[in-house]
Student: 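Below are the structure tokens for one structure; questions will follow.
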Amino acid sequence: MSSYTSTGTMVTPATELMEKFKDRTARVGVVGLGYVGLPFAVEKAKVGFRVLGFDRSQSRVDRVNAGDSYIGDVRDRELREQVQDRALLAATGDWDRLPEMDVIVICVPTPLTRNLTPDLQYIEAVSREVAGRLRPGQLISLESTTYPGTTEEVMKPMLEAGGLEEGRDFWLAFSPERVDPGNQRYTTRNTNKVVGAGHAVSREVALAFYRQTILHVVPVSSSRAAEMVKVFENTFRAVNIALVNELAMLCDRMDLDVWEILDAAGTKPFGILSFYPGPGVGGHCIPLDPHYLEWKAREFNFNTRFIALAGEINRRMPEFVLEKAMRLLSDHGLGLRSAKVLVLGVAYKKDIDDARESPAAEVLHLLAQRGATVAYHDPLIPRFREYGHDLESVPLTDGALDEADLVLILTDHSAVDYAFVARHARLVLDTRNATRGVPRGPGKVVLL
Ligand SMILES: NC(=O)c1ccc[n+]([C@@H]2O[C@H](COP(=O)([O-])OP(=O)(O)OC[C@H]3O[C@@H](n4cnc5c(N)ncnc54)[C@H](O)[C@@H]3O)[C@@H](O)[C@H]2O)c1
């Protein structure tokens with residue numbers, strides 16, 4: 001249904017919603033209050049939208065409502081300001097409040113099954129809840145990383161099952177989240193955001209929504225294209241990390257310093273991008289997302305060989321770290337079975353408190369399996385439970401360093417004093433070049 005304003009401008013449900021974006025009267029629902037959803041919800045509240053977060057975890061709902069953040073990128077003070085001082089943000093587990101929302105942004109997990117195939121159970125569960133309560137005039141935007149086709153092939157039929165039609169009655173888009181946890185320079189606001197939708201009106205409405213809070217929005221022709229952009233970005237990282245990991249293993253064999261090679265290569269002013277080796281890849285993105293694309297490609301009788309190879313190389317890194325640790329200990333007349341190993345850093349990357357899919361889990365497991373006595377220190381992760389191990393971070397004292405036969409640096413957190421580590425440890429294997437610039441002592445600190 002459309003009407004006209006006094007100046008002759010046509011008013012449609014879409015233009016009405018877009019007006020509500022401009023004057024901030026649109027209600028914004030955010031489903032899934034995790035690493036992506038909570039910062040997003042806070043950002044939208046900051047610019048004046050009334051935001052309601054939905055999460056199936058009651059403890060997360062309670063903590064948001066108490067202004068108590070559980071996500072590193074959101075400070076308690078910031079959260080309390082939106083929840084308590086301005087009363088613009090709240091959380092709930094009550095799906096029946098979905099119809100109050102003008103926009104519903106979905107940021108739920110997209111893990112893999114044991115067989116490395118996409119596990120869409122969370123997207124499907126949320127789509128069912130939304131579909132059962134969908135009302136005309138709502139914009140639904142999926143932000144979870146997934147394979148090209150999910151929005152059109154999985155969500156759209158579920159949402160239209162009740163008789164409403166996308167493009168006419170409601171709008172549907174895909175806009176991948178690019179948040180880089182811990183990154184101080186690029187935040188939600190200044191990170192360009194891609195938006196795609198199958199229907200032109202859906203695209204227009206979604207663009208209008210995201211333009212309210214993001215400096216540069218990049219439209220693409222379809223939700224499939226937007227989904228492909230995201231999985232390509234993460235595949236690009238996975239492949240390039242695998243390339244430098246392979247180079248690190250080759251340099252080890254050729255007795256070359258891979259860090260020296262990469263630093264020198266990085267001085268080329270064009271045609272190169274710096275990536276660094278490490279003990280493997282972790283987090284919710286790089287180890288998982290390329291496999292979403294790999295799986296979808298099979299439907300088109302296409303083998304994504306770069307993805308398979310990168311996955312194979314990156315998954316092999318924990319074993320390479322173990323081999324190198326064994327070699328080092330053996331050079332010092334020690335066997336792993338009787339060795340005490342202190343691991344520094346279990347987060348999957350520096351300066352974040354996230355250990356999901358962290359290669360540290362596998363490294364710790366391999367060390368323990370071979371009989372080493374393992375302890376760890378991570379200033380951001382007080383407790384680490386993986387593979388049946390349950391460890392607490394030990395304080396980083398000169399005594400703890402000196403007691404260890406090997407100190408194994410797996411994450412290069414900025415809060416750790418590496419000069420202190422290099423001074424007090426007896427032997428260090430540094431898989432991140434965290435000790436760059438500190439006196440290393442001949443033979444005492446060995447790089448990956
Ligand atoms: N973490 C990142 O750095 C990052 C970056 C870009 C994209 N992504 C993508 O964003 C998506 C979300 O990732 P995340 O890291 O925020 O996940 P997360 O695990 O931190 O948060 C997901 C939240 O969803 C909630 N949830 C799960 N099922 C639900 C349901 N049925 N109903 C309501 N709430 C539900 C969980 O309780 C949790 O609070 C994933 O697809 C991920 O790949 C993540």
Side-chain angles (χ1 to χ4, degrees), residues 29-43 52-65 68-74 79 91-98 101 104-112 118-133 140-148 150-151 154-155 158 174-183 186-188 191-194 214 226-227 229-238 281-293 347-358:
V30 180
V31 183
L33 295 171
Y35 284 90
V36 168
L38 189 62
F40 181 93
V42 170
E43 258 341 284
L52 185 60
F54 294 78
D55 206 289
R56 64 173 189 172
S57 153
Q58 189 57 43
S59 76
R60 290 198 156 187
V61 166
D62 293 342
R63 287 185 69 174
V64 170
N65 288 331
D68 172 18
S69 177
Y70 45 83
I71 298 291
D73 282 350
V74 175
L79 186 59
T92 182
D94 180 5
W95 294 112
D96 287 334
R97 298 200 57 193
L98 282 173
M101 303 300 119
I104 299 171
V105 177
I106 300 168
C107 324
V108 289
T110 42
L112 288 172
D119 177 359
L120 289 192
Q121 60 163 311
Y122 302 97
I123 290 184
E124 286 170 351
V126 173
S127 299
R128 260 192 304 278
E129 301 295 349
V130 175
R133 298 165 178 85
I140 316 298
S141 179
L142 178 64
E143 296 223 358
S144 304
T145 307
T146 183
Y147 61 78
T150 308
T151 310
V154 179
M155 285 185 71
M158 292 176 81
F174 180 81
S175 181
E177 179 50 66
R178 281 172 162 168
V179 67
D180 181 20
N183 194 327
Y186 289 106
T187 57
T188 308
T191 303
N192 304 341
K193 193 145 171 63
V194 171
I214 287 149
E227 288 158 339
V229 170
K230 176 68 188 181
V231 280
F232 169 69
E233 287 168 7
N234 285 349
T235 301
F236 177 86
R237 284 191 64 74
V281 288
H284 198 313
C285 299
I286 310 294
L288 311 186
D289 302 345
H291 295 295
Y292 268 68
L293 186 56
Y348 77 85
K349 68 172 187 174
K350 76 187 285 186
D351 298 341
I352 60 162
D353 60 356
D354 189 354
R356 290 179 300 176
E357 310 285 333
S358 174

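Every number for a ligand or one of its atoms is a count from 1 in the order of the listing. Predicted model only: the values in this text are computed from it and were never measured. Sequential numbering from 1 along the given sequence is applied to the chain's residues.
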Student: Who are the side-chain hydrogen bond (donor to acceptor under 3.5 Å, both in side chains) partners of Arg128, not counting sequence neighbours?
Tutor: none

Student: Sub-3.5 Å donor-acceptor pair from the side chain of Thr92 to the main-chain atoms of Phe54, do we have one?
Tutor: no

Student: Give the atoms of ligand 1, by number and element, whose distance to some non-hydrogen atom of Gly34 is under 4.0 Å.
Tutor: 16 (O), 18 (P), 20 (O), 21 (O), 23 (C), 39 (O)

Student: Can Glu233 and Arg237 be said to form a salt bridge (Lys or Arg N to Asp or Glu O under 4.0 Å), step by step?
Tutor: CA-CA 7 Å; Glu233 287 168 7; Arg237 284 191 64 74; over 6 Å; no

Student: Can an N or O of Thr145 be found at a distance shorter than 3.5 Å from an N or O of ligand 1?
Tutor: yes

Student: Ligand 1 versus Cys285, non-hydrogen atoms closer than 4.0 Å: side chain, backbone, both, neither?
Tutor: side chain

Student: Between the side chain of Ser358 and the main-chain N/O of Gly282, is any donor-acceptor distance below 3.5 Å?
Tutor: no

Student: Counting only N and O atoms by type, is there a donor-acceptor contact under 3.5 Å from the side chain of Tyr292 to the main-chain atoms of Pro111?
Tutor: yes

Student: For residues Val30 and Phe40, determine if any side-chain heavy atom of one lies less than 4.5 Å from a side-chain heavy atom of the other.
Tutor: yes

Student: Could you tell me whether Trp95 and ligand 1 have an N or O pair separated by under 3.5 Å?
Tutor: no

Student: For atom 6 (C) of ligand 1, what's the nearest protein heavy-atom neighbour? Residue, atom name and distance, please.
Tutor: Glu177 O, 3.2 Å

Student: In terms of atom number and element, which parts of ligand 1 are under 4.0 angstrom from non-hydrogen atoms of Cys107?
Tutor: 12 (C), 22 (C)

Student: Checking a contact table here: which protein heavy atom is nearest atom 33 (C) of ligand 1, and how many Å away?
Tutor: Arg56 N, 3.4 Å

Student: Which protein non-hydrogen atom lies closest to atom 24 (O) of ligand 1, naming both residue and atom, and how far is it?
Tutor: Gly32 CA, 3.3 Å

Student: Judged by atom type as modelled, is there a donor-acceptor pair below 3.5 Å linking the side chain of Thr151 to the main-chain atoms of Phe174?
Tutor: no

Student: Among all the protein's non-hydrogen atoms, which is closest to atom 31 (N) of ligand 1, and how far away is it?
Tutor: Val126 CG2, 3.7 Å

Student: In the protein, which heavy atom is nearest to atom 17 (O) of ligand 1, and how far is it?
Tutor: Arg356 NH1, 3.7 Å

Student: Purely on distance, is any nitrogen or oxygen of Tyr122 under 3.5 Å from one on ligand 1?
Tutor: no

Student: Provide, to 0.1 Å, the distance between atom 10 (O) of ligand 1 and the closest protein heavy atom, together with that atom's residue and name.
Tutor: Val36 CG2, 3.4 Å

Student: To which protein heavy atom is atom 41 (O) of ligand 1 closest, and what is the distance rounded to 0.1 Å?
Tutor: Thr110 OG1, 2.6 Å

Student: Going by distance only, is there an N or O of Asp55 that falls short of 3.5 Å from an N or O of ligand 1?
Tutor: yes

Student: What I want to know is whether Arg60 and ligand 1 share at least one N or O pair that is separated by under 3.5 angstrom.
Tutor: yes

Student: Identify, by atom number and element, the atoms of ligand 1 in contact range of Leu33, meaning under 4.0 Å from any of its heavy atoms.
Tutor: 23 (C), 39 (O)

Student: Got an N/O contact under 3.5 Å between Lys230 and ligand 1?
Tutor: no

Student: Starting from atom 11 (C) of ligand 1, which protein heavy atom do you reach first, and at what distance in Å?
Tutor: Val108 O, 3.4 Å

Student: Within the 4.0 Å heavy-atom shell around His284, which atoms of ligand 1 are there?
Tutor: 15 (O), 40 (C), 42 (C), 43 (O)

